[in-house]
**Student:** 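Have a look at the structure that comes next, please.
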Number of protein chains: 2
Amino acid sequence: MSNSKKIVTLDDVAQRAKVSKMTVSRVLSGKGPVAIKTRERINELIKELDYQPNLLARSLSSKQTMIVGVVVNKRDHMFMVDYTTKIISGIMDVALRHQYQLMLCPVSSEDDVRGEYLRLIRSKMLDGLILLKRKQDDPYIQELVEAKFPFVMLNYKKYSQDINFVDAKNKQGAIMATEYLYSKGHREIAFMGGRVGETNSNDRLSGYKEALKKLGLKYRAVWVIHGEYHQEVAYRECGKLLDMAQRPTAIFCADDNMAIGVIKRLRESGLKIPQDMAVIGFDDIQIASMIRPALTTIRQPIYDIGKTGMQTLLNIINGTQQKAVHRLLPVELVERESV
Amino acid sequence: MSNSKKIVTLDDVAQRAKVSKMTVSRVLSGKGPVAIKTRERINELIKELDYQPNLLARSLSSKQTMIVGVVVNKRDHMFMVDYTTKIISGIMDVALRHQYQLMLCPVSSEDDVRGEYLRLIRSKMLDGLILLKRKQDDPYIQELVEAKFPFVMLNYKKYSQDINFVDAKNKQGAIMATEYLYSKGHREIAFMGGRVGETNSNDRLSGYKEALKKLGLKYRAVWVIHGEYHQEVAYRECGKLLDMAQRPTAIFCADDNMAIGVIKRLRESGLKIPQDMAVIGFDDIQIASMIRPALTTIRQPIYDIGKTGMQTLLNIINGTQQKAVHRLLPVELVERESV
DNA sequence: TTGAAAGCGCTAACAA
DNA sequence: TTGTTAGCGCTTTCAA
């Protein structure tokens, strides 16, 4: 008569309560009418038996899993330590509040991305997907669209009726950064960006260009560098900049990691920051305030992007949100020591 | 005749192949005999129809989900940015290689932890659990043990037949740190640790004590501080240390974050590091090498702990691993500028 | 080498 | 307010 370790099912509860499974199911879901007395009896029994619904069975039947996938880049996430943690925190906080679970979905950047997306949605395990920082040219996103699968892209921008995104005001931030450098007396400003395909980097570049024009500064193609959001790459590229006949007096880095690489390089070259060369970053990652000189940067609200993104996804899943969501969250200048 | 958007099931493949579901199922799993010709035909059909198994149905039937839960502390993970990312990377890499998925399971530290664990295992969604840095006194782990649910604890230590863990050689690391300080001429060494309940902090403290004894140094209770693995707490506690009549000449911090807080405090007090006060940390998080002075610390192999942990869990799930796994991975001294 | 039957534990839809 | 029936899409078990 082991009543302890056996798996308790809906049926067990129903039998003990002398009702049908449906009644118990109704109590559980809170939907549908159940007599108060019956409900109480069943609730007690549930506690007594320590009954926990089998989520697999429930999902299979109801076609809802209450699980959302977070698509991270297999390789990149190690370099985006701060970013990944913050954004997932935001996503998680909203998910938790709505009883949703989070599944980590690492996807490679090159191989068979198409297959991976398809597998994710066809497996029926997920109610929706949140994509972190995908590249602009990821053509397989179309697969998600065609399958009418609910998804939201974060730190990505594309004004399409089929794509929901939450991003920061990158262009405006870039303008702020450039104007700030200008206000500090800089007229020769270089731009160091990420990969060409990233919408973030593109937007920041276009903000930089627009600001130059507005300020009446000359745009020089040689001072625009496309690297990658990594310290090492920035360190290397910064060297090239220093070797030029005509050096800029300030560098606007489209990413804090790049800014850190740049600062490292500058210090090793014996240059004083900001006197000999000013540096401004973008993001305001944790390290930004800890390095010396502390990094002046444009802060983007990563945690909030995560929150808003998850909230949006939930609205889409529930059908509350009908038309496409295109949100750009505000950024702010954080003045520290590097400019 | 829409052959495109309809959901393709096992049955569809079977019918088109003019075989029973079972045969297709056998092809999919690779188990059980299937005639080569049949197998080929079915494989082609699977590709042609772009069939993807419904994982919910499969799991419900087979009682295996191929999903492992990673239990993180709801609050802490934001402060353990570097740690969380690294360890999950390690876990993820192994999981991926074995076709396992990862589910994030945020658990609060106080509220109804017991209920949360129970819910996780009873929901039948997970094949196993990896717990990150739980407190020593978490009594509800017993629930997992009693349910005979496969789980592994990381950065936790308890020699029990019922508990599998992978941790770093914390005690040895602490001895290394203390001896290193000694070798640099320090005879008055303070210890700043985390919460009393954490096995990590305990082990590091006991290493410190052992080293003192071995080196013939006097142990002073007032120089042992129990704070929390946070910069702010360390910053505050460091102040107390500085106010003492008799100051130490070196501080061994049981965690890099604490060391950073300490360094900040020391600098603000106008003390030179390491001349006026030496500081050594533990972990070697990313920032350690970036702050000034760069932090001398004991590196623990976090990524490897993740990998080993996941590998261990898989062995337990498969029944390959019978007796308890108690692994301690080696640490190493990283000499930089703060000692 | 293949198939038929039964069932995993739940919910949707309808009926009473 | 409650119950019945019929699946969800797969695997297990046993039989052919």
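Note: hydrogens, waters and symmetry copies are ignored here, and every other heavy atom, side chains too, is used. Each chain gets a letter, A, B and so on, in the order its sequence line appears, and its residues count up from 1. Note that the structure is a prediction, hence the values are computed from the model and not measured.
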**Student:** Using heavy-atom distances to pick each residue's nearest nucleotide on DNA chain C, tell me which of A57(B) and V19(B) is more 5'.
**Tutor:**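 Its nearest nucleotide being more 5', the pick is V19(B).
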**Student:** In whole angstroms, how far is the P atom of dT1(C) from the NZ atom of K37(B)?
**Tutor:**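 Answer to the nearest Å: 15 Å.
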**Student:** Hey, does the side-chain of T23(A) have a donor or acceptor N/O within less than 3.5 Å of a partner on the base of dG3(D)?
**Tutor:**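 Answer no: no donor N or O sits under 3.5 Å from an acceptor.
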**Student:** Over how many whole Å does the gap from L56(B) atom CG to dC8(C) atom C1' extend?
**Tutor:**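 After rounding, the gap between these two atoms is 12 Å.
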**Student:** Determine the contact category for S29(B): base if any of its heavy atoms lies under 4.0 Å from a base atom, sugar-phosphate if only primed atoms, P, OP1 or OP2 are that close, otherwise nothing.
**Tutor:**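 If one applies the 4.0 Å heavy-atom cut-off, S29(B) turns out to touch nothing in the nucleic acid.
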**Student:** Bend angle of the helix from dT1(C)-dA16(D) to dA16(C)-dT1(D) from five-pair axes at both ends, rounded to 10°?
**Tutor:**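 One end axis against the other gives 30°.
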**Student:** Whole-Å distance between dC10(C) P and M22(A) CE?
**Tutor:**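 Roughly 12 Å, once rounded to whole Å.
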**Student:** Rounded to the Å, how far apart are N54(B) CG and dC8(C) P?
**Tutor:**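 Whole-Å distance recorded here is 18 Å.
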**Student:** From M92(A) CE over to T85(A) OG1, what is the distance, rounded to the nearest 0.5 angstrom?
**Tutor:**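 Going from CE on M92(A) over to OG1 on T85(A), the span is 10.0 Å.
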**Student:** Pick base, sugar-phosphate or nothing for K124(B), based on heavy-atom distances below 4.0 Å to the nucleic acid.
**Tutor:**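 The answer is nothing, as K124(B) stays clear of every strand by at least 4.0 Å.
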**Student:** Separation of L55(B) atom CG from dC8(C) atom C1', in whole Å?
**Tutor:**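 Those two atoms, CG and C1', are 15 Å apart.
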**Student:** Could you pick out which residue, L60(B) or S59(A), lies toward the 5' side of DNA chain C when each is mapped onto its nearest nucleotide?
**Tutor:**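 On the 5' side of the pair lies L60(B).
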**Student:** Rounded to whole angstrom units, what separation is found between the CD1 atom of I7(A) and the C1' atom of dG7(C)?
**Tutor:**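 So the CD1-C1' distance, I7(A) to dG7(C), works out to 14 Å.
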**Student:** Below the 4.0 Å mark, does dT11(C) have OP1 or OP2 next to a side-chain nitrogen or oxygen of S25(A)?
**Tutor:**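 So the side chain of S25(A) is within the cut-off, an N or O lying under 4.0 Å from OP1 or OP2 of dT11(C).
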**Student:** Counting neighbours of CZ on R39(A) that are heavy atoms of other residues, nucleotides or ligands and sit closer than 6.0 Å, is the number greater than 12?
**Tutor:**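 Yes, CZ of R39(A) has more than 12 neighbouring heavy atoms, counting only those of other groups under 6.0 Å.
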**Student:** Counting N and O atoms only, with roles assigned by atom type, does the side chain of D12(A) sit under 3.5 Å from a partner on the main chain of T9(A), one being a donor and the other an acceptor?
**Tutor:**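 It does hold such a pair.
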**Student:** Determine yes or no for a side-chain-to-main-chain donor-acceptor pair under 3.5 angstrom, with N155(A) supplying the side chain and K133(A) the backbone.
**Tutor:**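 Such a contact is absent between N155(A) side chain and K133(A) backbone.
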**Student:** Name the orientation class of the two ring planes belonging to F165(A) and H326(A) (parallel below 30°, tilted from 30 to 60°, perpendicular beyond 60°).
**Tutor:**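 Parallel, since the angle between the ring planes stays under 30°.
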